[in-house]
Amino acid sequence: MKVFVPHKKDRNVYFDEIISNSNCNFIFGNLKEYNTKYDIVNIQFPESIFDWILPNEHQLKDFEKVLVLWKQHSKVVLTLNDYESHYDKKNEFIGLFKLIQEYVDGVIHLGNYSLEKYKHLFSTHCKHTVIYHPLYESLIYDCKTADFQGRFQLNFQDKYVVAVIGCIRSIEEVKLIFKIFKKIPVKNKLLIIPNMFQFVNMPTFFPYRFRKTYNKVAEKIFCYPLHKSQYFFGYKFLDYSYMVDLVKKSSLMIIPRIKNLNSGNLFLGLTFDKPMIIPKIGNLTEVADYFNFPVLDIEEKNYDELFSRLLDLKKKKYFNSKIYFEKKKKFNANVIAHEYDVFFKVVNN
């Protein structure tokens, strides 16, 4: 089957895992590059259709005509990575999301929480399925690692390395990270966040040359009372070669998401068999429960129970156990890709 993805390929390689194991032919392109020979139009990230720029009313009307055209010749399938835009605090993309919800023929949910909570947003004729996020197997077998410590002049020896992968999207996420980090009952802990403070927008009246100074001031304000030796922050996307090295050498991963429906970092941690602080939100809870992982209830603040259960997993060597590796097979890339292929056929019939 020929599958058209109407936007640029995201730099997150999770969808590459599916593409490389699927029997379908995935083609990425803009709206004008669609042709009627495609069997499926698979929307992964609605905002990226317009290059993450908010479409105006005229553009939305034109896009509705495009959706009608797609439905005449293909089947439109949405992969529900989230029910709203990650970075759209004012929810201005909601018009685009609702338009897609109205017209799609099928929805791929990344967990049963999503299916149960958001199925009502779509038409009664829309078909639904649950297909989980795949493991990042290519990062194990195909990705060359580079020395993270050497690149950033750090020393992990005798350190309990706590890694937070991905962009930090809000002040609330920062506060959660610091709260968790301070409560970790371990000495010599080191917090590593390669992509920090992207949400702090420097005022326009500041000359651009003062950007680094502004970031340093923001860092001191947010990090107090931590010493510089207790943390390292970067300010841009980390190349996968360095990211993989960091994850491999980390002792613990924190997933600081508060409002998200999904997080690929959970499956990154599973890929490299890492203990994780997983918040009790969205589809994450379902996967955590499947592995019998503890979850952080942000409202209940169950930190003592959380760290006690994490320590218990370590004592029992759970991440080296047969039952753990058997459970992981459910998320293998070839399994997930096959489920995509099957659902595309179901929708197309």
Is a donor from one side chain sitting under 3.5 angstrom from an acceptor on the other, for [X] and [Y]?
X: Y103; Y: E64; value: yes
X: Q101; Y: Y118; value: no
X: H58; Y: D62; value: yes
X: D239; Y: S241; value: yes
X: N302; Y: D297; value: no

If the plane angle is over 60° it's perpendicular, under 30° parallel, otherwise tilted; pick one for [X] and [Y].
X: W52; Y: F45; answer: tilted
X: F232; Y: F148; answer: perpendicular
X: F293; Y: F291; answer: parallel

Taking side chain as C-beta onward, heavy atoms only, is [X] less than 4.5 Å from [Y]?
X: I19; Y: F15; result: yes
X: D16; Y: K9; result: yes
X: L54; Y: F50; result: no

Q: Check whether NZ of the Lys or CZ of the Arg K189 lies under 6.0 Å from the centre of the six-membered ring of F181 and within 45 degrees of that ring's axis.
A: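 Judged by the rule, K189 and F181 form a cation-pi pair.
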Main chain of [Y], side chain of [X]: is a donor-acceptor contact present, judged purely on distance under 3.5 Å?
X: E102; Y: S123; result: no
X: T285; Y: I281; result: yes
X: N42; Y: V77; result: yes

According to side-chain hydrogen bond (donor to acceptor under 3.5 Å, both in side chains), does anything in [range] pair up with another residue at least two apart or in another chain? List the pairs.
range: residues 310-328; value: D273-Y324, D273-K328, D312-K316, E326-K329
range: residues 138-150; value: E17-S138
range: residues 249-259; value: E173-R257, D245-K249

(Q) Please enumerate all residues that pass ring-ring contact (aromatic ring centres under 6.0 Å, His included) together with Y160, with sequence neighbours excluded. (A)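 Y160 satisfies ring-ring contact (aromatic ring centres under 6.0 Å, His included) with no other residue.
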**Q.** Results of ring-ring contact (aromatic ring centres under 6.0 Å, His included) for H128 - residues two or more places apart only
**A.**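 For H128 the ring-ring contact (aromatic ring centres under 6.0 Å, His included) partners, ignoring immediate neighbours, are H109, F122.
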Q. Is there any ring pair (Phe, Tyr, Trp, His ring centres under 6.0 Å) pair reaching into residues 263-284, and which pairs are they, with sequence neighbours excluded?
A.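 Non-adjacent pairs meeting ring pair (Phe, Tyr, Trp, His ring centres under 6.0 Å): H133-F267, F267-F331.
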(Q) Suppose we screen for side-chain contact (heavy atoms from CB on, under 4.5 Å). Which residues come up paired with H120, at least two apart in sequence or across chains? (A)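 With sequence neighbours excluded, H120 shows a side-chain contact (heavy atoms from CB on, under 4.5 Å) to no residue whatsoever.
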Can you name the residues that form a side chain to side chain donor-acceptor pair (under 3.5 Å) with [X], not counting sequence neighbours?
X: D10; result: none
X: D105; result: K71
X: Y290; result: none
X: E116; result: none

**Q.** Note: K61-E57 ion pair, threshold 4.0 Å (strictly below)
**A.**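 So K61 pairs with E57 through a salt bridge.
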Would you be so kind as to tabulate the donor-acceptor pairs closer than 3.5 Å made by side chains of residues 23-31, with sequence neighbours excluded?
from : atom 1 : to  : atom 2 : distance (Å)
N30  : OD1    : K32 : N      : 3.0
N30  : OD1    : E33 : N      : 3.3

